[in-house]
Amino acid sequence: MTSLLLRGRTLSFLGEPKGVADHGSYRYEEDGGLLIRDGRIAAAGAFADIAAAAGDTPVVDHRPHLILPGLIDAHAHMPQMQVIASYGAELLDWLNTYTFPEESKFSDAAHAARIAGLFLDELLRHGTTTVAAYCSVHPQSADALFAAAEARGMLIVAGKVMMDRNAPDGVLDTARAGYDDTKALIARWHGRGRLHYAITPRFAITSTPAQMEAAGALAREHPDLHVQTHLSENHAEIALTLDLYPGAPDYTGVYERYGLLGPKSLFGHCIHLSEREADALAETGSVAIFCPTSNLFLGSGLYDYQRYRRRARPLRRAIATDVGGGTNYSMLRTLDEGYKVIALNGEKLDPLSSFWQATRGNAEALSLGGRIGTLEPGKDADLVVLDAAATPAMRLRMETIETLAEELFLLQTLGDDRAVAEAYLAGKAMKGGLLT
């Protein structure tokens, strides 16, 4: 049995905070201890209490840093690492000009393996321990990402995109091939170690009705699997979708028709939802994913987080980087930009709620709350250690910080990969020992 005792200031959320004064929404230990056995949290609490029961278990002392559950990214594109920071286009032009040519390179298994490893290592450098990721249309791209995650012991959700129209030949499959390739990948990877497969029609524009039928069939045949796709990101995208599916009441109605809504369905962006669409997502338990850096960079619009949270039928929500439409790999930077988007909609999101969203909130949105997202005994020991004095500017500001909420807000406002002192996957320290 492999055991480890971590010491530091521990923070874990018990539920969604109702503001900075909601101290009952989290558990914080100024001198905390986490006992890890065989990759899971065996005990959590005050260090003195945990140490007394831990015997001669080796101790790693992370004081004065904060130890939280690992950050979770609910929507990101692995093949787009070399697309990030591409100038001057809105969504559809951006896909055609930059993304599709780049994704065509993933027909090369060696290229796919290289980028998959770099992708996961970059996430880990930024404190992200779980991601819901899109691969390219090529099965070898999904093989590469799952193999890289398995080698690192990383819990991921991923799938090859299905797309059989409105893109260059090098990134197209067919309705039949998309179905067959997905079935084979599910058999090869889903449930192996910490790996979860997601049925992944890229979005309605790049799938024919026949392929959408195939995606729906896969969802019916594998009801335990995630479904991930894009929804309501850009006005031109919405208009083209309705042209391609003239019988649909709206964009959401396309996915509704093919049985793709549900509690494990992850919809990226969801910026311009009508009330009917929001009701459809809420009633099915579908997840609307907030991608603030991407939405700002591509000029797509402002996700109305507080409206979706407070409406009579609230939406399940997650937050994500969306690399490479997004501008960085950091969930801290993503929280910062999310705060600004919400402010532009006339409200604010407090820092406790931000960190709840990036940990427990995202875990629950991905239907993985039973395994990750908190520091509760029995959970997988996926952790991040954050240093709020990692840079000169942060150290200076920390001189005036008086509360935990203020420290969290500093981390999300000025923090980036430099604030990540360590990341653990199933109890294994990763940042100092990345594989690529």
Side-chain angles (χ1 to χ4, degrees), residues 1-8 10-12 32-44 57-60 62 65-74 76 78 113 115-133 144-158 189-198 320-321 323 329-332 355 358-360 362-363 366-387 417 419-436:
M1 179 181 291
T2 303
S3 298
L4 185 67
L5 178 56
L6 303 186
R7 186 175 191 178
T10 57
L11 173 64
S12 182
L34 294 175
L35 179 61
I36 299 169
R37 289 193 177 128
D38 291 339
R40 294 192 177 182
I41 298 170
T57 300
V59 177
V60 178
H62 284 297
H65 304 333
L66 283 166
I67 305 174
L68 288 85
L71 304 176
I72 300 167
D73 189 343
M78 179 271 289
I115 298 300
L118 292 170
F119 175 72
L120 295 183
D121 286 352
E122 196 63 22
L123 294 180
L124 287 166
R125 279 201 327 106
H126 286 83
T128 296
T129 54
T130 286
V131 64
L145 185 59
F146 282 122
E150 185 176 54
R152 289 157 179 78
M154 190 171 185
L155 194 164
I156 67 166
V157 178
W189 294 110
H190 181 67
R192 181 167 152 177
R194 309 181 76 206
L195 309 178
H196 297 256
Y197 197 88
T321 64
V323 169
Y329 300 88
S330 171
M331 290 302 295
L332 298 178
F355 277 83
T359 57
R360 182 175 188 139
N362 270 12
L366 295 182
S367 299
L368 295 170
R371 295 198 64 177
I372 58 173
T374 71
L375 303 182
E376 296 167 336
K379 297 295 179 68
D380 295 355
D382 289 354
L383 312 166
V384 64
V385 182
L386 296 179
D387 176 5
D417 57 304
V420 178
E422 187 55 272
Y424 290 84
L425 292 180
K428 181 180 178 182
M430 296 301 299
K431 195 169 181 187
L434 301 177
L435 299 184
T436 52

Worksheet item: Quick one: does Tyr329's side chain get under 4.5 Å of Arg125's, heavy atoms only?
Response: no

Item to complete: Can you measure from CD1 (Ile36) to CG (Leu6) and round to the nearest 0.5 angstrom?
Response: 4.0 Å

Item to complete: Would you mind reporting whether Ile115 and Met78 have side-chain heavy atoms less than 4.5 Å apart?
Response: yes

Worksheet item: Just how far is it from atom OG1 of Thr57 to atom CG of Leu4, taken to the nearest 0.5 Å?
Response: 8.5 Å

Worksheet item: So, for Arg371 and Gly193, which heavy atoms are closest and what is the spacing to 0.1 Å?
Response: NH1-O, 4.4 Å

Worksheet item: Are the side chain of Asp380 and the backbone N or O of Arg40 linked by a donor-acceptor pair below 3.5 Å?
Response: no

Worksheet item: Would a 4.5 Å heavy-atom cut-off, applied to side chains only, mark Phe355 and Leu66 as touching?
Response: no

Worksheet, complete the sentence: To the nearest 0.5 Å, atom CG of Leu123 lies from atom CD1 of Ile72 at 12.5 Å

Response to the item:
Note: Ala74 and Ala132 closest approach over all heavy atoms is O-CB, 3.3 Å

Discussion item. Are Val60 and His62 packed together at the side-chain level, in the sense that at least one heavy-atom pair is separated by less than 4.5 angstrom?
Written reply: yes

Discussion item. So that I can tick it off, tell me whether Asp121 and Arg152 are bridged by a salt bridge, with the cut-off set at under 4.0 angstrom between side-chain N and carboxylate O.
Written reply: yes

Discussion item. Could you check whether any side-chain N or O of Glu422 sits under 3.5 Å from a backbone N or O of Met430, counting only pairs where one atom can act as donor and the other as acceptor?
Written reply: yes

Worksheet item: Between the main-chain N or O of Thr321 and the side-chain N or O of Asp73, is there a donor-acceptor pair closer than 3.5 Å?
Response: yes

Worksheet entry | Donor-acceptor pair, side chain of Lys431 and main chain of His126, under 3.5 angstrom | no

Fill in: CG on Leu195 to CG on Leu155, rounded to 0.5 Å
8.0 Å

Discussion item. Any side-chain to backbone donor/acceptor pair from His190 onto Tyr197? Under 3.5 Å, distance only.
Written reply: yes

Worksheet item: Roughly how far, to the nearest 0.5 Å, is the OH atom of Tyr424 from the CD1 atom of Ile41?
Response: 12.0 Å

Discussion item. Do Thr359 and Leu11 make a side-chain contact, defined as non-hydrogen atoms from C-beta onward lying under 4.5 Å apart?
Written reply: no

Practice prompt. Of all the heavy-atom pairs spanning Ala43 and Pro377, show the shortest one and how long it is.
Written response: CA-CG, 4.2 Å

Response to the item:
Minimal heavy-atom distance between Ala426 and Asp382, with the atoms involved, is N-OD1, 2.8 Å

Worksheet item: Taking Arg194 for the side chain and Gly153 for the main chain, is one N or O donor matched with an acceptor at less than 3.5 Å?
Response: yes

Discussion item. Under a 3.5 Å distance rule, please check whether Asp387 uses its side chain to pair with a backbone N or O of Ala419 as donor and acceptor.
Written reply: no

Discussion item. Within the 4.5 Å heavy-atom criterion, are Ile372 and Thr129 side-chain neighbours or not?
Written reply: no

Response to the item:
Nearest heavy-atom approach of Ser3 to Pro58 is O-CD, 3.8 Å

Worksheet item: Would you say the side chain of Val420 lies within less than 4.5 Å of the side chain of Val384, judging by non-hydrogen atoms?
Response: yes

Worksheet item: Between His196 and Leu368, is any pair of side-chain heavy atoms under 4.5 Å apart?
Response: yes

Discussion item. So, taking the atom named OG1 in Thr130 and the one named CG in Leu366, what distance separates them when rounded to the nearest 0.5 Å?
Written reply: 8.0 Å

Worksheet entry | Minimum-distance pair of heavy atoms, taken over all atoms of Phe146 and Ala158 | CZ-O, 3.3 Å

